[in-house]
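Below is one structure, written out as structure tokens; comments come after it.
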Number of protein chains: 2
Amino acid sequence: MSGIRLSDLAARVGFDISTVSRALRNDPRVRSDTRERVMREAEAMGYHPNLTARALAEGRSRTVWFILPGLERPIERRPASIASRWFLERGYDLLIVQHHGDPVVYARVLERLANGGADGAILIPHSPPEGLAEGVLVEAGIPFVYLDRYAPGIGAPVVTTDNVMAAAALFDALAAAAEKSGKPVAAAVDAFFPERNPVEAARSKGWREAAARHGIPVVGKNGSPVGISSGSPTVPPAGPIALAGSNARWLERARLSFDALAGRKELLAAVFDDWRGPRTAYETILVAVQDFRTMAVSASELLLNGLENGAGAPEKPILVPISGLCGPDDVARPDEL
Amino acid sequence: MSGIRLSDLAARVGFDISTVSRALRNDPRVRSDTRERVMREAEAMGYHPNLTARALAEGRSRTVWFILPGLERPIERRPASIASRWFLERGYDLLIVQHHGDPVVYARVLERLANGGADGAILIPHSPPEGLAEGVLVEAGIPFVYLDRYAPGIGAPVVTTDNVMAAAALFDALAAAAEKSGKPVAAAVDAFFPERNPVEAARSKGWREAAARHGIPVVGKNGSPVGISSGSPTVPPAGPIALAGSNARWLERARLSFDALAGRKELLAAVFDDWRGPRTAYETILVAVQDFRTMAVSASELLLNGLENGAGAPEKPILVPISGLCGPDDVARPDEL
DNA sequence: TTGTACGCGTTATCAC
DNA sequence: GTGATAACGCGTACAA
């Protein structure tokens, strides 16, 4: 550390350590000239408080964690960046912690959080979220907010995209595009993973419901690539096929492993957040972009509320609408360099 | 916090608090059956040490920061992810802190680091790096390692890509490709920013040196878009033109604002890490991918050395070769979901 | 092998 | 207004 302690400063200015402490923290009880004197000397000596000691004494660190699986997916890193600035402006430091989607690391991180790591956290759990590790937080009275994914049944606020509506919007848009070109969609493929987490489940639901509304059959068993690759009994009718999944990676897996799709040329793609796949395999590619800013700010506000006003009510999930649909090249890129 | 303190546990098992403390930390002096007893009871009571108190007593937190501008650029987030796992396996927690490229936030972060935030840090500074804020770290004796960018003159280890060689390799490859297609490169555009930081300077140098070696003229004033847009006196000869910059964004700015390029069809592009730009504006697009893993591990090893063996020698920069050149679609994507 | 006592650097609670 | 003094929870020489 900086070497210079409060006691050093106190000795230098001739006041007691407690008076100096008060002076530095703008306590109204100290005389203004005393404060001036202390401030000036602190500056001169290059004094800076030891934050560990302060945290121990105050019982809080004015620090918040943003816990996430990794940094590669926009839904994970973008809200983290936004929340970082948001908390910075309010006197808190936000630290980002990765659990790498590993349950063991995840448990360790929460453990550490519960024992003095930070005052609270925004949390994107691993998949599938079991809600076991979160017990230590609840027990320790550490406020936290789930973002995007969440474990149902835990008494914590949840902020997530309205995924049912988003998936339905994707279907509607693809159907309209196909209709317009004279070749209406003949079948839909569901490449979501409803059993993985609530997000995937909601998207699968929205996609299938929209297809049903349009009277279009959905092929593939339960949307899982396993079912798809093992050969679905359903043979899709002739005509364009619309595929949907959370990202290009899973969509591609479905496309390449689903026998019924072999040789089909008229394919339409729908994914979330960005397109990281081939450009030529699909006639139309549509991306649903989540509203990262609104999600981050909502979660931050909820957390700050829990931080300063005690545990907030475990309200029902906040569903944020997507910010819109667009093509693979139109996804907004935040500034860089 | 968890509520349960060491003293509670001590009272429960009937031993002194210090004995319990030792037992939990596997001190060889405590009898094995005592340790067993303590361990079992600790488990039962759900005891977990208060990390703030431990940090204060021990004088260190077994925590490391990875300080970076943001999460959007691969060179920033990928090493952070890799270093996170690396330190995790060695008993340290790595926390990621953003400074958003803002000098004020940057100074505040370093200040906080110097006063108990963590035991050390890997640091990607803002541009242009001035080396002023780093003084607090040196003064406080906090070990840190510069990654990618760095402020010259600070006594800290530096790990960065061999950017001179990388830029030269890009030029050679583009020249070879053009040659092969029968239309050799006629001119080169330098869209780096040598005055911004050492990385940009090295790339500009490598690019220009390679061009000179091939006897090909470089147009644009000092490589800066300002110079380019203000109309360089040099009119490039007819034939393919090779543009290089750190990313597609700056390359595009140069292409669109440089009068001499207006209407030219035969353009070749060279960038670093990934391509986030139009696919059709260039005949060839080449990406130099930095070796994030080697960079992260090298920096981590240097930091750990400083952490455990005292300040390591301020050796000269470690230059890591790029992992290779590839097309815009072949950039490796780490696993997601 | 276990217990005592003090230190880590601040903040908070009392007196004065 | 200011000064002692006790927390905060844990680690560790030193003593026993």
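The analysis underlying the following values was restricted to heavy atoms, covering all of them including side chains, and did not include hydrogens, waters or symmetry mates. Numbered from 1 within each chain, the chains take letters A, B, ... in sequence-line order.
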Would you mind reading off the distance between [X] atom [atom1] and [N] atom [atom2], rounded to a whole angstrom?
{"X": "A:E58", "N": "C:dT11", "atom1": "CD", "atom2": "C1'", "value": "7 Å"}
{"X": "B:D16", "N": "D:dA13", "atom1": "CG", "atom2": "P", "value": "16 Å"}
{"X": "B:R60", "N": "D:dG11", "atom1": "CZ", "atom2": "P", "value": "12 Å"}
{"X": "B:D8", "N": "D:dG9", "atom1": "CG", "atom2": "P", "value": "9 Å"}
{"X": "A:H48", "N": "C:dG9", "atom1": "NE2", "atom2": "P", "value": "16 Å"}
{"X": "A:R31", "N": "D:dT2", "atom1": "CZ", "atom2": "C1'", "value": "10 Å"}
{"X": "B:R62", "N": "D:dG11", "atom1": "CZ", "atom2": "C1'", "value": "14 Å"}
{"X": "B:D33", "N": "C:dT1", "atom1": "CG", "atom2": "P", "value": "10 Å"}

Pairing of [X] and [Y] as salt bridge, 4.0 angstrom limit:
{"X": "A:D27", "Y": "A:R25", "result": "no"}
{"X": "B:D148", "Y": "B:R73", "result": "no"}
{"X": "B:E301", "Y": "B:R90", "result": "no"}

Self-check item: Main-chain N/O of A:D93 paired with A:R62 side-chain donor or acceptor, under 3.5 Å
Solution: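 Not a single qualifying donor-acceptor pair exists.
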
Looking only at D:dG9, C:dT10, D:dT2, the nucleotide nearest the A:N50 side chain is C:dT10

A:R5 has its side chain closest, among C:dT2, C:dG9, D:dC10, to C:dG9

Checklist line | Test side chain to side chain contact (heavy atoms under 4.5 Å, CB included) applied to B:F66 and B:I82, step by step | finding: CA-CA 11 Å; B:F66 196 115; B:I82 295 165; over 6 Å; no

Note: B:T52 and A:G116 closest approach over all heavy atoms is OG1-O, 3.4 Å

Residues in residues 17-30 of chain A with a heavy atom under 4.0 Å of DNA chain D, by number, are A:S18, A:T19, A:R22, A:R29, A:V30

Phosphate oxygens OP1/OP2 of D:dG11: is one of them under 4.0 Å from a side-chain N or O of B:R54? yes

Self-check item: Phosphate OP1/OP2 of D:dC10: any B:Y47 side-chain N/O under 4.0 Å
Solution: yes

Practice prompt. Would you sort out whether B:V38 and B:L24 count as a side chain to side chain contact (heavy atoms under 4.5 Å, CB included), showing the intermediate values?
Written response: CA-CA 7 Å; B:V38 171; B:L24 291 173; 3.9 Å; yes

Inset, instruction - Would you please name every residue forming a ring-ring contact (aromatic ring centres under 6.0 Å, His included) with B:H100, sequence neighbours left out? - result: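 Counting only residues at least two positions away or on another chain, B:H100 forms no ring-ring contact (aromatic ring centres under 6.0 Å, His included).
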
Nearest-nucleotide check on DNA chain C, B:G14 vs A:L6; residue mapping nearer the 5' end is B:G14

*Count the heavy atoms of every other residue, nucleotide or ligand shown that sit under 6.0 Å from CZ of B:R12, and state whether that count exceeds 12.*
no

Students should find that the end-to-end axis angle of the helix from C:dT1-D:dA16 to C:dC16-D:dG1, with five pairs defining each axis and rounding to 10 degrees, is 40°

